[in-house]
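Just dropping this structure here.
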Amino acid sequence: MRTENNYPYGTEDDIKIDDLNDPRVQMEWARQSGGAESGRGKRRRKKRAWKKKQGGIKAGDYEPGSGGGEAPDWAAVEGMQDGREQRGKAGREAVSRVTRKNRKRQKRNTVFSAFLCVSALAALTGCFILWMENRKLHNEVQVAMAYVDEVKAIRTYTEEEVQKMTADAAAQAAEQSSMEKEKEILDDIRARMESGDGAAPMLRAVFKNELVVADDGRYYFFPISETLKRHSYQAEQFQMNENDILEYFVDGNVASKKGIDVSKYQGNINWKKVAGDGVEYAFIRLGIRGASEGNLILDATFEDNIKGALKNNVDVGVYFFTQALNKEEAVEEAEFVLEQLEGYDVKYPVALDVEEVTTDNPRTEGMTKQDWTDVCIAFCERIKDAGYTPMIYGNLKTFLLMLDMEQLEGYEKWFAFYQTPLYFPYEFSIWQYTSTGSVDGIKGDVDMNVSMKDWGSQ
C-alpha cells in the first residue's frame with residue numbers, strides 16, 4: 001500500500017536494491033518525480049488542465065460577481081505541486097545514492113572475481129610446473145638407477161687405490177722408457193764417437209725434430225718448417241752400389257742419374273773415359289767473381305770441358321761461383337754466364353753457387369740473409385728469362401743460415417751434404433753426396449752427384 005506521502009515504502013531508507021530493479025517500482029518513482037520540468041511549466045500545465053475541466057473558463061473570467069462560479073485557489077494548487085516536486089527530487093536523490101552504492105559494490109565484486117581468476121590461473125600454472133619437474137625427476141631417477149645397475153657389474157676401486165695404481169703404472173712406464181731411451185742414445189753416441197763422426201752427427205741423432213747446423217765452432221738449431229715444400233724421398237731408397245756410387249731406387253729399379261761437377265782443379269779430363277764410366281751428366285764451372293776485387297773470371301778449362309762432354313754425349317749444366325753484393329751485380333753475373341753459353345746445348349740447369357768464402361776480408365763480408373736472397377732471385381730470374389732452368393747450389397749453412405728459403409721456393413735446389421743418411425727435409429733435385437769420388441778419365445778426387453730428375457730427356 002502507498003503511504004500518505006505517496007512513497008511505496010514507509011521511508012526512504014526502506015528502499016532495497018532489489019526493488020530498484022523492479023519495473024513497477026521504477027514506474028512509480030518516475031510518476032511521482034514528475035519528470036524534469038520546471039516549477040512554472042508545471043503550474044501552466046495544471047492551469048490548462050483545470051480550465052479544460054471547467055469547460056474552457058479562463059482564469060480571467062473568475063472575478064468576483066462574474067457569475068462564472070467560484071475561482072480555484074491557485075496558491076493551494078501550486079503548493080500541492082511544489083510538494084510533489086520536492087518528494088520527486090528526494091526520491092531521485094535516494095535512487096542516485098543507492099545506484100552509486102550498487103555500482104561500487106559491483107566494481108568490488110568484479111575486482112574480487114578477477115583476483116580469484118588470476119589466483120586460480122597461477123595455482124594451475126604452478127601445478128603444471130610441479131608436474132613437469134616431477135616427470136623430469138622421475139626420468140633422472142630412472143637413468144641413475146640404470147647407471148647404478150651397470151656400475152654394479154663393474155669392479156670398483158677406492159680413490160686411494162686408483163691413485164696408487166696410477167702412480168705405480170706411471171713410474172714403471174717412465175723407468176722402462178727412460179732406460180730404453182737412455183740406452184738407445186748412449187749406444188748411438190758411442191757408435192758415432194768410435195767412427196769419428198764428431199759432435200754434429202750426434203746432435204742430429206738426438207734432436208730429430210730440428211736441423212742442426214755447425215759453423216765456426218757453434219751449433220744452430222732450426223725447427224723444421226711446416227710451410228716449406230718437403231721432398232718425397234725415402235732414406236732407405238738411397239743405396240750405394242759396389243762402386244760406391246749412390247743411386248736412388250723406385251720399385252726396385254734405379255730412378256736416378258749419375259753425375260759429376262768439375263772445374264780447373266780436375267785438370268785435363270778424358271771425357272771419353274768419363275762417359276765410358278757411366279757418367280750421364282756433368283756440371284761444369286763456367287766462372288767466378290773474385291772474392292776481393294770482384295772481377296768476373298772465366299774458368300780456364302770451361303771451353304775444353306763443355307766441348308769434351310757434349311762430344312761424348314754427356315749432358316751438361318753449368319754453375320757460377322757468386323760474390324755479388326747486390327741485385328745489379330747478380331744480373332751482371334747472369335749476363336756473363338749467358339754470353340759464354342751461346343752456341344752450346346745446355347740441358348741441365350744453370351746453377352748459382354752460393355757459399356761463404358773463408359779468405360781474409362772477402363767483399364761479401366757483412367751481407368745479410370736478405371742480401372744473399374736478393375742476389376739469388378735476381379740471378380735466377382735473368383737465367384729463366386733467357387730460357388734456361390735456374391738452380392741454387394748450397395749446403396746446410398747456405399740454405400739455413402745464409403738464405404731465406406721461403407722466398408726461393410720456385411727454384412731448383414742442388415744440395416751438398418757428405419754424409420748418409422740424407423739430412424735435409426726440403427725439396428731439392430740433385431744431391432752432391434761426396435767430394436772424394438773417383439771416375440775413370442779424371443785424376444784425383446771429383447765431386448759426385450745423384451739426380452732424381454732426368455733433364456737430358458726433357
Examine distances only and state if a side-chain atom of Glu329 and a backbone atom of Leu325 form a donor-acceptor pair shorter than 3.5 Å. yes
Would you confirm whether Glu333, through its side chain, and Ala324, through its main-chain N or O, come within 3.5 Å as a donor-acceptor pair? yes
Do Tyr281 and Ile260 have side chains that get closer than 4.5 Å, going by heavy atoms? no
Is it the case that atom CZ in Phe222 sees more than 12 heavy atoms from other parts of the structure closer than 6.0 Å? yes
Backbone N/O of Lys272 and side chain of Asn270: donor-acceptor pair under 3.5 Å: yes
Asn326 CG: over 12 foreign heavy atoms closer than 6.0 Å: yes
When the ring planes of Phe379 and Phe320 are compared, do they come out parallel, tilted or perpendicular, using 30° and 60° as the limits? parallel
Got a second to check how far Ser256's OG is from Asn449's CG, nearest 0.5 Å? 11.5 Å
Check for a donor-acceptor pair, side chain of Asp385 on one end and backbone N or O of Arg382 on the other, with a separation under 3.5 Å. no
Please assess Asp454 against Ser457 for the test side chain to side chain donor-acceptor pair (under 3.5 Å), listing each intermediate value before the final yes or no. CA-CA 6 Å; Asp454 181 12; Ser457 62; 3.2 Å; yes
So, Gln340 versus Glu303: side-chain donor-acceptor pair below 3.5 Å or not? no
Do you know the tightest heavy-atom contact between Val354 and Ile392? CG2-CG2, 4.2 Å
Taking the side chain as everything from C-beta on, heavy atoms only, tell me whether Arg289 gets closer than 4.5 Å to Arg363. yes
Output the distance between atom CH2 (Trp455) and atom OG (Ser429), rounded to the nearest 0.5 Å. 4.0 Å
Run Val450 and Lys257 through side chain to side chain contact (heavy atoms under 4.5 Å, CB included) and show every step you take. CA-CA 6 Å; Val450 54; Lys257 297 295 180 179; over 6 Å; no
Can you tell whether the side chains of Asp404 and Lys369 come within less than 4.0 Å, N to carboxylate O? no
Validation row: Tyr388, Pro349 side chains within 4.5 angstrom (heavy atoms): no
Please test Glu412 against Thr389 for side chain to side chain donor-acceptor pair (under 3.5 Å), starting from the C-alpha separation and ending with a verdict. CA-CA 8 Å; Glu412 298 285 349; Thr389 300; over 6 Å; no
Ile383 CD1 to Leu338 CG distance, which is reported to the nearest 0.5 Å: 4.0 Å
Establish, from distance only, whether the side-chain atoms of Glu355 and Tyr393 form a donor-acceptor pair under 3.5 Å. no
I'd like to know if Lys264 pairs up with Asp299 as an ion pair, taking the criterion as any Lys NZ or Arg NE/NH1/NH2 lying under 4.0 Å from an Asp or Glu carboxylate oxygen. no
Are the ring centres of Tyr248 and Trp431 closer than 6.0 Å? no
Determine the sole option in Tyr433, Tyr233, Tyr423, Phe424 for which the ring-ring contact (aromatic ring centres under 6.0 Å, His included) test with Phe415 is passed. Phe424
I want to check something: taking the side chain as every heavy atom from C-beta on, are Leu408 and Phe399 in contact at a cut-off of under 4.5 Å? no
Can you confirm whether more than 12 heavy atoms, excluding those of Glu293, are under 6.0 Å from its CD atom? no
As a quick check of understanding, evaluate salt bridge (charged side-chain N to carboxylate O under 4.0 Å, His left out) for Glu409 and Lys229, giving each step before the final call. CA-CA 7 Å; Glu409 283 272 68; Lys229 294 179 182 179; 5.4 Å; no
Basic-acidic side-chain contact under 4.0 Å: Glu356, Lys397: yes
State whether a side-chain donor-acceptor pair under 3.5 Å links Thr301 with Asp304. no
For Gln323 and Thr364, test the side chains for any donor-to-acceptor distance below 3.5 angstrom and give the result as yes or no. yes
Run the numbers on Tyr426 and Phe428 for ring pair (Phe, Tyr, Trp, His ring centres under 6.0 Å), then give the verdict. CA-CA 7 Å; Tyr426 307 124; Phe428 69 98; over 10 Å; no
Can you name the closest pair of heavy atoms from Pro421 and Ala235 and give their distance? CB-CB, 4.4 Å
Judged by atom type as modelled, is there a donor-acceptor pair below 3.5 Å linking the side chain of Lys258 to the main-chain atoms of Asp277? yes
Salt bridge or not for Glu427 and Lys413, using N-O below 4.0 Å? no
Pairwise distance CD(Glu406) to CG(Leu403) - rounded to 0.5 angstrom: 13.0 Å
Tell me whether Asn241 contacts the main-chain N or O of Asn243 through its side chain, where contact means a donor paired with an acceptor under 3.5 Å. yes
